[in-house]
Number of protein chains: 2
Amino acid sequence: MAREPGDRRERILASAAALFARKGVSATTVREIADEAGILSGSLYHHFESKEAMVDEIVTSYLEDLRTRYKRVLDGDSHPRTRLHDLIVASLEVVEAHPHATEIYQNDVNYLTQIERFGYLRTAGKEVQQTWLSVIEAGIAEGVIRDDLDPKILYRLMRDAVWLSVRWFKPTAAYPITRLAEDCTSLFLDGLAKTR
Amino acid sequence: MAREPGDRRERILASAAALFARKGVSATTVREIADEAGILSGSLYHHFESKEAMVDEIVTSYLEDLRTRYKRVLDGDSHPRTRLHDLIVASLEVVEAHPHATEIYQNDVNYLTQIERFGYLRTAGKEVQQTWLSVIEAGIAEGVIRDDLDPKILYRLMRDAVWLSVRWFKPTAAYPITRLAEDCTSLFLDGLAKTR
DNA sequence: GTCTATATAAGGATAGAC
DNA sequence: GTCTATCCTTATATAGAC
């Protein structure tokens with residue numbers, strides 16, 4: 001299959017994402033990105049307006065995918081336990097589909113939100129929180145989830161545990177992403193105590 | 001009480017830490033640090049050898065405190081549930097005592113470990129992991145903790161949930177750090193399901 | 001201990017040839 | 001679409017006066 005136009009651009013963006021993820025956005029230079037792409041830094045500006053524009057594209061398509069998948073979860077099975085599990089699965093699938101973007105977001109969100117251009121990250125964060133909260137609160141209302149813990153606290157603890165897996169999780173045949181999702185769900189819902 | 005010598009230096013370091021935490025190490029300039037301290041950038045070099053040296057001091061004293069507190073936990077009560085709780089408390093106390101250093105570590109560990117000078121961060125990470133693993137594995141051996149979940153996975157999930165609280169947790173009278181520690185322990189050990 | 005002044009390097013970005 | 005060449009700005013760091 002022949003390469004479409006835009007393929008080259010996509011590959012530049014992909015290797016830029018890898019660099020941003022590994023070193024951080026601020027510490028990655030346009031010269032390094034160009035090196036990785038096998039061109040000179042000036043040539044990058046034929047494809048992209050700026051370094052910020054590259055980050056923007058990477059993060060935007062990441063958030064778009066995330067939004068789509070979360071919406072699909074809310075349209076699916078409505079049992080709280082299933083729904084929480086589906087949210088975890090969706091998140092881990094986004095991690096798998098956009099590992100570099102996930103890492104950029106997790107590492108550099110503080111830095112990025114200070115740049116006007118990336119103000120939309122705050123909104124996105126609130127949307128994600130709202131999705132989780134609606135699931136947790138429905139679970140409490142239905143009597144499936146404990147009511148003695150603050151839903152917002154629960155959300156943040158679970159969110160960080162799940163998303164930060166981008167830093168360490170490498171799926172294997174013996175321990176695939178589906179297994180990690182099940183273990184997360186079971187840890188959060190059932191806990192790791194053998195007896196109570 | 002009069003200010004001791006070194007106090008000025010400590011205050012510069014503290015405001016540098018705040019900047020590093022907020023913007024990231026790489027995106028923080030020595031001019032900003034100097035501004036914050038009310039001096040010119042050149043004058044910083046009377047107190048510190050380099051920007052890296054500042055980061056090094058901040059991170060080193062953070063890790064030192066962490067090590068001390070973890071050691072104290074391992075010398076204390078040996079019941080698995082208590083011990084896990086104590087580990088969470090110790091971690092959250094370190095977050096409280098070194099919020100900026102914690103954030104620097106969490107956000108910039110990828111970037112820092114690529115700098116030769118900060119190679120010791122890998123060792124420190126392994127030590128922390130070993131501490132948690134010993135507690136988890138003892139709990140499994142004593143039949144208090146489930147044996148169907150990989151201890152290393154459990155460690156990473158709990159670690160990220162606990163440490164990342166630095167990004168959002170602000171203690172209040174109604175919800176102090178001790179409460180967060182208890183909620184973490186209860187979430188991890190008992191889970192959030194009301195019935196099974 | 002801080003300032004002035006500046007060396008030196010690296011950064012993002014642009015213009016125009018090819 | 002990439003290269004050469006370079007502009008301009010910003011960065012870390014230093015030297016020596018005060």
Side-chain angles (χ1 to χ4, degrees), chain A residues 2-60 104 107-108 110-118, chain B residues 2-59 104 107-108 110-112 114-118:
Chain A
R3 283 189 177 128
E4 306 150 37
D7 181 33
R8 171 128 193 72
R9 194 186 136 87
E10 285 311 306
R11 280 186 299 148
I12 294 174
L13 210 53
S15 61
L19 280 165
F20 291 145
R22 187 159 57 86
K23 314 191 30 164
V25 169
S26 178
T28 301
T29 71
V30 292
R31 283 179 178 84
E32 285 173 307
I33 298 169
D35 278 356
E36 198 85 355
I39 56 179
L40 289 184
S41 64
S43 309
L44 274 182
Y45 291 84
H46 174 76
H47 302 280
F48 304 95
E49 228 181 32
S50 65
K51 182 172 121 173
E52 271 188 18
M54 292 188 225
V55 178
D56 203 343
E57 271 196 54
I58 292 163
V59 172
T60 298
I104 292 166
N107 295 337
D108 286 346
N110 270 3
Y111 165 69
L112 291 175
T113 47
Q114 279 171 26
I115 300 170
E116 199 175 6
R117 172 171 203 154
F118 295 101
Chain B
R3 281 187 182 130
E4 307 151 35
D7 181 36
R8 172 128 192 71
R9 194 186 137 89
E10 284 312 305
R11 279 187 299 148
I12 294 173
L13 209 53
S15 62
L19 281 166
F20 291 146
R22 186 158 58 85
K23 316 193 27 164
V25 170
S26 179
T28 301
T29 70
V30 292
R31 282 181 180 85
E32 288 173 305
I33 298 169
D35 278 358
E36 199 85 354
I39 55 178
L40 289 184
S41 65
S43 309
L44 274 182
Y45 291 83
H46 173 76
H47 303 279
F48 303 96
E49 228 181 33
S50 65
K51 182 173 121 174
E52 271 188 17
M54 292 188 223
V55 178
D56 203 342
E57 271 196 56
I58 293 163
V59 171
I104 293 166
N107 296 337
D108 286 346
N110 271 3
Y111 165 68
L112 291 176
Q114 278 171 29
I115 301 169
E116 199 175 6
R117 172 171 203 155
F118 296 101

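Side-chain atoms are counted along with the backbone in the values below, which use heavy atoms only and exclude waters and symmetry mates. The chains referred to below are lettered A, B, ... by the order of the sequence lines, with proteins before strands, and numbering in each begins at 1.
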Student: Examine D:dG1: is either OP1 or OP2 under 4.0 Å from a nitrogen or oxygen in the side chain of A:Ser43? Give yes or no.
Tutor: no
Student: Looking at A:Glu52, I'd like to know if its CD atom is crowded, meaning that more than 12 non-hydrogen atoms belonging to other residues, nucleotides or ligands lie closer than 6.0 Å.
Tutor: yes
Student: Which nucleotide, C:dG1, D:dG1, C:dG12, lies nearest any side-chain atom of A:Thr29?
Tutor: C:dG12
Student: Below 4.5 Å, heavy atoms only, C-beta onward: do A:Phe20 and A:Ile33 meet side chain to side chain?
Tutor: yes
Student: Please give, in whole Å, the distance from C:dT2 P to B:Phe48 CZ?
Tutor: 11 Å
Student: With respect to the side chain of B:Leu40, which nucleotide from D:dT2, C:dT4, D:dT4 is positioned closest?
Tutor: C:dT4
Student: Roughly how many Å is it from CG in A:Leu19 to C1' in C:dG11, rounded to a whole number?
Tutor: 16 Å
Student: Which comes earlier along DNA chain D counting from the 5' end, the contact point of B:Tyr45 or that of A:Ile39, where each point is its nearest nucleotide?
Tutor: A:Ile39
Student: In whole angstroms, how far is the P atom of D:dA11 from the CD atom of B:Glu32?
Tutor: 7 Å
Student: Quick check on C:dT2: is either OP1 or OP2 less than 4.0 Å from any side-chain nitrogen or oxygen of B:His46?
Tutor: no
Student: So which atom in B:Tyr45 and which in B:Val30 form the shortest heavy-atom distance, rounded to 0.1 Å?
Tutor: OH-CG1, 3.6 Å
Student: For C:dT2 and B:Arg8 - does any side-chain N or O of the residue sit under 4.0 Å from the phosphate oxygens OP1/OP2?
Tutor: yes
Student: CD1 of A:Ile33 versus P of D:dT2: gap in Å, rounded?
Tutor: 15 Å
Student: Report the distance from atom CZ of B:Arg9 to atom C1' of C:dT2, rounded to the nearest whole Å.
Tutor: 16 Å
Student: In whole Å, I'd like the distance from the NZ atom of B:Lys51 to the P atom of C:dA10.
Tutor: 15 Å
Student: Give one of base, sugar-phosphate or nothing for B:Thr28, where a contact means two heavy atoms less than 4.0 Å apart.
Tutor: sugar-phosphate
Student: I need the CZ-P distance between A:Arg31 and D:dA5, as an integer number of Å.
Tutor: 14 Å
Student: On a heavy-atom basis, which atom in B:Arg8 and which in B:Ala37 lie closest, and how many Å separate them?
Tutor: NH2-O, 3.3 Å
Student: Tell me the interatomic distance from B:Leu44, atom CG, to C:dT4, atom C1', rounded to whole angstroms.
Tutor: 15 Å
Student: Closest heavy-atom contact between A:Ile104 and A:Val25?
Tutor: CG2-CG2, 4.0 Å
